[in-house]
A.B. asks: 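My questions all concern the structure below.
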Amino acid sequence: MPKFLSLVLDIPLKQSFTYSVPPDLEDLVRVGLRVIVPFGKREITGYIVDVLETFEADYQLKPIKRIVDKEPLYGKHEVDLAQWMSRFYLCSQGEALSMMIPGGRRDSGTPALESEDDLTIGSVKDLSAEQAAAIEAILSGSHPMFYLYGITGSGKSEVFLRCAEAMIEKGKQVIYLVPEITLTHQLARQVVNRFAGKVAILHSALTPSQRLAQWKKIKSGEVMLAIGARSAVFAPFENLGLVIIDEEHENSYKSGNTPRYHARQVAQRRCVEMKATLVMGSATPSLEAWSLMKEGKQMRCLRLDNRVGGGVPPQVDVVDMKFEKRTISRSLQEQMKLVLAKKKQVILFLNRRGYSYFFHCKSCGYEMVCPNCTVSLTYHREHNEMVCHYCGYRRKPIDVCPECHSLDVGYSGFGTEMVQQEVQLLFPNASIARLDTDSAKDKKHMVSVLDDFRNGKIDILLGTQMVAKGLNFPSVELVGIVLADSGMNIPDFRSQERTFSLLMQVSGRAGRYNDQGKVIIQTFHPENAAVAYAKVGDVDGFFDQELLMRKETGFPPYSRLINLVVRGRNQEKVIAQAACLEALLEGLASQITVEGAPTVLCNCECPLEKIASNWRHHILVMGTEASLAHRLVASALHQYTAPSGIYIEVDMDPLQLL
DNA sequence: AGCACGCCGACT
DNA sequence: GTCGGCGTGCTC
């Protein structure tokens with residue numbers, strides 16, 4: 001009996017390809033195996049998604065070259081999920097499937113994480129009443145989703161681990177998602193120790209063959225728990241009972257390249273398919289999650305309001321930088337002096353993610369914002385213009401502050417290097433280490449800096465994001481946020497949410513272990529909502545008012561955004577094609593007569609107009625009816641065929657518009 | 001996405 | 001004269 005294979009390939013072509021099978025391989029082909037096939041003038045990997053008995057074509061089929069795997073690597077579940085992803089994220093099925101499946105050829109027996117010698121299997125801790133109630137609720141399965149909403153130190157991990165244990169006892173499997181950085185540290189080891197022998201760990205440092213080995217252990221049911229970053233959401237368990245998403249608000253759960261999937265959305269889909277429970281947790285939820293909690297239908301909120309180890313939240317002071325000359329305010333300097341005198345440690349935090357210049361008045365703190373959107377304007381050097389990247393609004397920059405008529409206005413932004421210099425001058429005898437994205441590329445350096453800090457060899461740790469996330473140092477008594485404003489000026493409706501979330505997380509680094517913790521927030525905007533709510537630690541208050549703001553402006557979660565990036569080497573062609581696609585979208589949108597028709601918000605150059613000699617324009621589609629917006633873009637892309645040299649990137653529910 | 005084919009410019 | 005830029009088209 002001749003056989004034909006339906007294959008999907010890791011190329012952006014939204015079609016499957018059919019190959020014939022040479023007689024000697026006929027008995028071996030099955031769904032779930034990778035094969036090597038001739039494709040044009042090259043050989044590539046194909047994924048078998050179907051085996052056919054007959055196939056008629058008006059062209060000559062090519063035979064497959066060879067089979068890669070002995071055992072199927074994936075099954076119907078994975079193929080279905082890839083199909084769903086291709087429809088949802090508007091990519092090809094092959095792109096989706098190859099994203100989920102490890103690329104290794106041969107599995108390597110090298111362990112993914114050395115087991116610890118001192119197995120610190122903590123004595124059975126007593127659970128707080130809140131924790132016990134949360135565990136009971138989750139295991140009751142009364143809702144498809146639960147949200148563990150609790151402050152730092154309230155014992156979320158313990159709840160997650162107990163639920164995982166209970167699930168595994170019932171013979172169900174568990175996926176535990178954590179942000180990338182967490183993996184190299186405490187939690188991962190704790191999990192590995194606690195579920196000794198039953199856990200697969202998937203982190204970015206694995207070689208493809210190690211990854212394959214872990215994947216096979218999951219597929220075969222040899223392990224019951226998979227812990228890992230974003231892509232661990234694809235762990236091919238067949239009897240999945242629970243998916244845990246720790247630090248749900250983390251942006252790293254969204255993939256940065258095609259398919260730009262969000263692990264939370266994929267997890268939701270998998271849980272519905274497999275009737276599994278989804279549990280997320282954070283001290284600072286994403287606004288999407290918050291609004292789902294408020295609705296309360298699909299997702300039940302479980303609160304952990306008390307710290308298990310005791311201790312009070314740190315005291316938070318806000319310093320208005322309008323009256324300061326240096327990057328370190330007098331009161332921060334004073335507090336640092338006090339803490340260092342006690343031989344305690346200081347963390348200084350400066351969020352330098354925003355690279356775009358922002359325009360502000362140095363006298364009164366006025367900052368130029370878009371009149372149509374609640375976003376800051378970005379300065380465009382080429383045209384000497386202030387531009388809004390949401391609606392395309394533009395205006396000339398000014399040299400007099402419209403509010404206080406001061407001439408002391410300008411574009412500003414300073415980095416960690418400058419702060420380091422200044423701190424060293426202020427504290428010549430203190431040892432200071434800097435930790436940012438650049439210096440962390442060298443993992444050894446990062447580990448040694450963190451070790452030195454933990455051991456007290458470093459007094460002051462100055463850093464970006466990475467000092468804010470998850471790391472706990474008992475001797476830290478003071479956290480200084482050098483400039484809370486830097487995150488506010490990213491031209492994005494999410495900037496408030498991000499700023500608040502970050503302030504809360506950084507604050508959590510102070511005084512986790514004693515009552516002396518202090519936080520100083522330096523800002524030009526002490527009245528800013530994110531700052532004000534962070535000062536008093538009012539998470540509920542912030543989210544409620546932010547949600548109100550989003551409702552007024554119509555941004556997510558009250559709408560769906562889809563960002564289409566048109567990219568190519570030829571600038572004129574990019575502009576022409578963006579216009580063409582925009583016209584197509586407008587035309588289709590105008591045919592929608594029902595309520596909630598999507599709108600094309602803008603068609604303009606990306607904030608980063610040119611990357612790697614590629615010109616980039618983006619078209620932003622917004623729709624109050626998520627499914628209408630999705631269908632609009634799907635059908636527009638179906639009708640549109642990009643000429644060669646033009647590439648379209650689809651970002652469903654974008655987190656950033658760079 | 002790759003990769004080949006094909007057509008115009010400045011170099012051994 | 002050719003090497004090589006990138007615009008165009010195709011891949012079961």
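Reminder, nothing fancy here: chain letters follow the sequence lines and each chain counts from 1.
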A.B. asks: Just checking A/P38: base, sugar-phosphate only, or nothing, at a heavy-atom cut-off of under 4.0 Å?
C.D. replies: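 Sugar-phosphate contact only - A/P38 comes under 4.0 Å of backbone atoms but never of a base.
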A.B. asks: Please report, rounded to the nearest Å, how far the C1' atom of B/dC3 is from the CD atom of A/E43.
C.D. replies: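 To the nearest whole Å, that distance equals 14 Å.
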A.B. asks: Is it the case that over 12 heavy atoms from other parts of the model lie below 6.0 angstrom from the NZ atom of A/K396?
C.D. replies: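 Atom NZ in A/K396 is crowded, with more than 12 foreign heavy atoms closer than 6.0 Å.
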A.B. asks: Could you tell me how far apart A/L13 (CG) and C/dC10 (C1') are, to the nearest whole angstrom?
C.D. replies: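 So the two atoms are 9 Å apart, to the nearest Å.
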A.B. asks: Starting at atom CD1 of A/I11, determine the distance to atom P of C/dG9, rounded to an integer number of angstrom.
C.D. replies: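 Rounding to the nearest Å, CD1 of A/I11 and P of C/dG9 are 18 Å apart.
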A.B. asks: By nearest atom, which of the nucleotides C/dG9, B/dA1, C/dC12 is closest to the A/Y19 side chain?
C.D. replies: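 The answer is C/dC12.
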A.B. asks: How would you label the contact of A/L7 with the nucleic acid (heavy atoms, under 4.0 Å): base, sugar-phosphate, or nothing?
C.D. replies: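 Touches nothing.
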A.B. asks: Could you give the CD1-to-C1' distance, from A/I36 to C/dT11, as a whole number of Å?
C.D. replies: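 Value for this atom pair: 16 Å.
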A.B. asks: CG of A/D10 versus C1' of C/dT11: gap in Å, rounded?
C.D. replies: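 Distance check: A/D10 CG to C/dT11 C1' gives 15 Å.
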A.B. asks: Measure the distance from CG on A/N570 to P on C/dC6 and round it to the nearest whole Å.
C.D. replies: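 To the nearest whole Å, that distance equals 11 Å.
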A.B. asks: Write down the distance between NZ (A/K62) and P (C/dT11), rounded to a whole number of angstrom.
C.D. replies: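 Atom-to-atom, A/K62 to C/dT11, this comes out as 9 Å.
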A.B. asks: Look at the aromatic rings of A/F4 and A/F55 and report parallel, tilted or perpendicular, splitting at 30° and 60°.
C.D. replies: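 Tilted: the ring planes of A/F4 and A/F55 meet at 30° to 60°.
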A.B. asks: Between A/D651 and A/V565, is any pair of side-chain heavy atoms under 4.5 Å apart?
C.D. replies: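 Side chain of A/D651 against side chain of A/V565, heavy atoms only: no contact under 4.5 Å found.
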A.B. asks: Counting only side-chain heavy atoms from C-beta out, which of C/dT11, C/dT8, C/dC12 sits nearest to A/L61?
C.D. replies: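 Closest nucleotide among those given: C/dC12.
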A.B. asks: Look at A/K14 and C/dT11 and indicate whether a side-chain polar atom (N or O) is within less than 4.0 Å of OP1 or OP2.
C.D. replies: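 No, outside the criterion.
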A.B. asks: Of the non-hydrogen atoms in A/P598 and A/A589, which two are nearest, and what is the gap between them?
C.D. replies: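 Nearest pair, atom of A/P598 first, then A/A589: O-CB, 3.8 Å.
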A.B. asks: In whole angstrom, give the distance that lies between atom CZ of A/F17 and atom C1' of B/dG2.
C.D. replies: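 Answer to the nearest Å: 13 Å.
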A.B. asks: Students often get this wrong, so: under 4.0 angstrom with heavy atoms, is A/Y59 touching a base, only sugar-phosphate, or nothing?
C.D. replies: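 Here A/Y59 touches the bases of the nucleic acid.
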A.B. asks: Hey, which sits more toward the 5' end of DNA chain B by its nearest nucleotide, A/K41 or A/R567?
C.D. replies: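 Residue closer to the 5' terminus by nearest nucleotide: A/R567.
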A.B. asks: A/K217: what forms a side-chain hydrogen bond (donor to acceptor under 3.5 Å, both in side chains) with it, not counting sequence neighbours?
C.D. replies: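 With neighbours one apart ignored, the set is empty.
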